[in-house]
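Notes for the one structure printed next.
Here is the naming used below: chain letters follow the sequence lines, and residue numbers restart at 1 for every chain. Basis for what follows: all heavy atoms, side chains included, without hydrogens, waters or symmetry-related copies. Note that the structure is predicted; figures quoted are calculated from it, not measured.
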2 protein chains.
Amino acid sequence: MSDLLERLRERGWRLTAQRRVVAEVLDGDHVHLTADEVHARAIARLPEISRATVYNTLGEMVSIGEVVEVATDGRAKRYDPNAHRPHQHLVCSGCGTVRDVHPHGDPLAALPAAERFGFTVSAAEVTYRGLCPDCS
Amino acid sequence: MSDLLERLRERGWRLTAQRRVVAEVLDGDHVHLTADEVHARAIARLPEISRATVYNTLGEMVSIGEVVEVATDGRAKRYDPNAHRPHQHLVCSGCGTVRDVHPHGDPLAALPAAERFGFTVSAAEVTYRGLCPDCS
DNA sequence: TTCTTGACTTAGACGGAGTCCAATGTACGA
DNA sequence: TCGTACATTGGACTCCGTCTAAGTCAAGAA
């Protein structure tokens, strides 16, 4: 993830303690944390870090494509540091846990031209829903 | 949509003016309205109807499967009255317009058992993203 | 028809998630 | 080292949705 910090700097972004901590927290466990969970873990390392900074930093990482936002429902967005390989998400309807999954085939190919209504279609996001072992 | 009201009644639900109006509004235009948009249109017909009732009624319709919730972004959920036939959604990244689309194949079939992690997977939602003719 | 009753509706308070802002702090080039 | 443009802070604010207590009313019973 120091690569990420390097890439951020190449874009002219300042390297601050706050940004470093957010990057480390996200990279630490490969789970999909909410912004507030990131904040809670960041506070453990840098007690003064504010919620607004966490939101700003996550937003910056998303905008350069290093992190992917996962909007699983009406719940809080989660942040996925595994942006380097295409994948989809499996979400537990009970507890909201998110897992990365790799279905076969390209979901884009399933949409015929006649169903594109003149759109320039660039991506397909698939969300599988169900109950995890703990919730079922 | 009077079918819907009938089905609601068969479930032992009372037929009230409020529920009738929400059903009519949703059925009126086949667009994907947010709860507040439904509320605004319902008020035009029944000025005293409250926001809470609109939320309750939409929730009931979702729970019996007559209406589908669509969460296209982190913003307000939209309600899709076209629940009688399986379909997916094509969202314009520019203006947010949502269109119903019908890809071939079953997206659930693309997820092998080894990628299900013990979940009981019950549904797959596909969101295609791109730019509509007006925005591209 | 009127009565009864429990389900429905209401307004407003409340909560979580996220954004905004003015004041303060600081990374980094000169 | 210094200056300043950019980052951070914390608290207020918005938006979306849920909850609650009190009042209302649909529909079956008599």
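- B:Arg19 places a side-chain N or O within 3.5 Å of a backbone atom of B:Arg14 that can act as its donor or acceptor partner.
- Closest to the side chain of B:Asp36, from the set C:dT9, D:dT9, D:dC16, is D:dC16.
- Projected onto DNA chain D by closest heavy-atom contact, A:Thr57 and B:Lys77 fall at different nucleotides, the more 5' of which corresponds to A:Thr57.
- Out of C:dT10, D:dA26, D:dA7, the shortest distance to the side chain of B:Ser50 is found at C:dT10.
- Regarding B:Arg20, its CZ atom lies at a distance of 15 Å from the C1' atom of C:dT9, rounded to whole Å.
- Between the CZ atom of A:Arg19 and the C1' atom of C:dT26 there is a distance of 12 Å, rounded to whole Å.
- One atom, CD of B:Glu48, and another, P of C:dT9, lie 12 Å apart when rounded to the nearest Å.
- With respect to B:Val22, the side chain to side chain contact (heavy atoms under 4.5 Å, CB included) criterion is satisfied by exactly one of B:Ile49, B:Val67, B:Thr53: B:Ile49.
- Ring geometry for B:His32 against B:His89 counts as perpendicular: the plane angle is over 60°, on a 0 to 90° scale with 30° as the lower cut.
- Here B:Thr34 does not reach the OP1 or OP2 of D:dC16: none of its side-chain N or O atoms lies under 4.0 Å away.
- With DNA chain D read from its 5' end, the first of the two nearest nucleotides for B:Tyr55 and A:Val54 is the one closest to A:Val54.
- In the set C:dG18, C:dT9, C:dA17, C:dG18 carries the atom at the smallest distance from any side-chain atom of A:Ala35.
- Checking D:dG11, D:dG17, C:dT10 against every side-chain atom of B:Ala76, the shortest atom distance belongs to D:dG17.
- Here the C1' atom of nucleotide C:dT26 and the CZ atom of A:Arg9 are 15 Å apart, to the nearest Å.
- Computed from coordinates, the A:Glu10 CD to C:dA27 C1' distance equals 18 Å when rounded to whole Å.
- The closest donor-acceptor contact from the side chain of B:Arg116 to the backbone of B:Leu111 lies under 3.5 Å.
- The only member of A:Asn56, A:Asp36, A:Ile43 that meets side chain to side chain contact (heavy atoms under 4.5 Å, CB included) when paired with A:Arg51 is A:Asp36.
- A:Glu60 places its CD atom 7 Å from the P atom of D:dA7, with the value rounded to the nearest Å.
- With hydrogens and angles left out, the side chain of A:Arg51 and the base of C:dG18 share a donor-acceptor pair within 3.5 Å.
- If you measure from atom CG of B:Asn56 to atom P of D:dT24, you get 18 Å, rounded to the nearest angstrom.
- Between A:Leu58 atom CG and C:dG18 atom P there is a gap of 10 Å when expressed in whole angstrom units.
- With D:dA27, C:dA11, C:dT9 as the candidates, the nucleotide lying closest to the side chain of B:Thr16 is C:dT9.
- Of the candidate nucleotides C:dC28, D:dT9, C:dA7, C:dA7 has the atom nearest to the side chain of B:Arg14.
- Within the structure, every side-chain polar atom (N or O) of B:Gln18 is placed at least 4.0 Å from both OP1 and OP2 of D:dC25.
- Minimum atom distance to the side chain of A:Thr53 is reached by D:dT8, of the listed C:dC28, D:dT8, C:dA11.
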